[in-house]
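Step one of this worksheet: look at the structure below.
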Amino acid sequence: MISNYIEKANFEETGFSYTLSLISGKYKMIILFCLMEFKTVRFNELKRYLKTISDKTLSTNLKELEADHLIVRHEYPQVPPKVEYSLTDRGNSLMEVLDLLCVWGEENRPKSC
C-alpha cells in the first residue's frame, strides 16, 4: 500500500530536499540569477538589483552561498575595497535548473492586457 511507502520515506534524504536547502529563502535564487545574467557583480550592484534587501541580509546570503560552493568571492587589495562575486562551476551547474524555472514562468505567467 502507498501508506507503507510514505511511512518509510524520508523527504530530508532526497536530492530535492538538498537542492532546496541550498537555494531556499527569499533572495538566494535571485542572487544566483543575477550572477548568471551578469557574470561578475559587486556587492552594491547586487544590492541595487535586489532593491529592498539590507546589507546584513545580503551579506548573510552571500556567505551561505559561498559556504555551499555556489559562488566565489573575489577581494581586491585596494582602497576603497573592491569585492566581486561570481558563480563557481558548481553554481553554474545549477543554472540549468533555474533556467527551466524561468522558461516555465515565461510560458505560464498571466498575459497582461
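Bear in mind that the values here come from a model prediction, so they are computed numbers and not experimental data.
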Query - E13 vs S17 side-chain heavy atoms within contact, under 4.5 Å - result: no
Requested in this report: Report yes or no: does N10 contribute a side-chain atom to a donor-acceptor pair with the main-chain N or O of E12 at less than 3.5 Å?
Outcome: yes
Query - Between CD1 on residue I23 and CD on residue E64, distance to nearest 0.5 Å - result: 13.5 Å
Query raised in the report: Any chance CD of Q78 has more than 12 other-residue heavy atoms, nucleotides or ligands included, within less than 6.0 Å?
Result: yes
**Report entry** Donor-acceptor under 3.5 Å (T60 side chain, K56 main chain)
**Finding:** yes
Report task. Using the rule that two of Ile, Leu, Val, Met, Phe, Trp, Tyr join whenever any of their side-chain heavy atoms come within less than 4.5 Å, decide whether F16 and W104 are in one cluster. Result -> no
Query raised in the report: Are the side chains of Y85 and V83 in touch, meaning some heavy atoms are under 4.5 Å apart?
Result: yes
Query raised in the report: How long is the span from the CG atom in L94 to the CG atom in D99, to the nearest 0.5 Å?
Result: 11.0 Å
**Report entry** Minimum side-chain heavy-atom gap Y27-T52 below 4.5 Å
**Finding:** yes
Query raised in the report: Is there side-chain contact between V103 and E106, with at least one heavy-atom pair below 4.5 Å?
Result: no
Report task. Starting at CZ of F43, measure out to CZ of R48 and round the result to the nearest 0.5 Å. Result -> 11.5 Å
Query - Carboxylate-amine/guanidinium proximity below 4.0 Å for E75 and K82 - result: no
Report task. Ignoring hydrogens and angles, state whether a donor on the side chain of T57 or S54 is under 3.5 Å from an acceptor on the partner side chain. Result -> yes
Query raised in the report: Would you say D89 has more than 12 foreign heavy atoms packed within less than 6.0 Å of its CG?
Result: no
Query raised in the report: Around E37, counting heavy atoms of other residues, nucleotides and ligands shown, do more than 12 lie under 6.0 Å from its CD?
Result: yes
Query raised in the report: Do I53 and M29 belong to the same hydrophobic cluster, where Ile, Leu, Val, Met, Phe, Trp and Tyr are linked whenever their side-chain heavy atoms lie under 4.5 Å apart, directly or via other members?
Result: yes
Query raised in the report: Side-chain heavy atoms under 4.5 angstrom apart, residues restricted to Ile, Leu, Val, Met, Phe, Trp, Tyr: same cluster for L101 and F38?
Result: yes
Query raised in the report: Measuring from E84:CD to L35:CG, what's the distance to the nearest 0.5 Å?
Result: 11.0 Å
Query raised in the report: Can you tell if the side chain of M36 reaches within under 4.5 Å of the side chain of L87, non-hydrogen atoms only?
Result: yes
Query - S86 and I71, any side-chain heavy atoms less than 4.5 Å apart - result: no
Report task. Might you work through the side chain to side chain contact (heavy atoms under 4.5 Å, CB included) test for V72 and E66, ending with a clear yes or no? Result -> CA-CA 6 Å; V72 63; E66 186 179 12; 5.5 Å; no
Query raised in the report: Are there more than 12 heavy atoms of other residues, nucleotides or ligands under 6.0 Å from atom OH of Y76?
Result: yes
Query raised in the report: Are side-chain heavy atoms of R90 and L22 found at a separation under 4.5 Å?
Result: yes
Query raised in the report: If you round to the nearest 0.5 Å, how far is CD1 of I31 from OH of Y49?
Result: 11.0 Å
Requested in this report: Drop me the distance from L98's CG to F33's CZ, to the nearest 0.5 angstrom.
Outcome: 9.0 Å
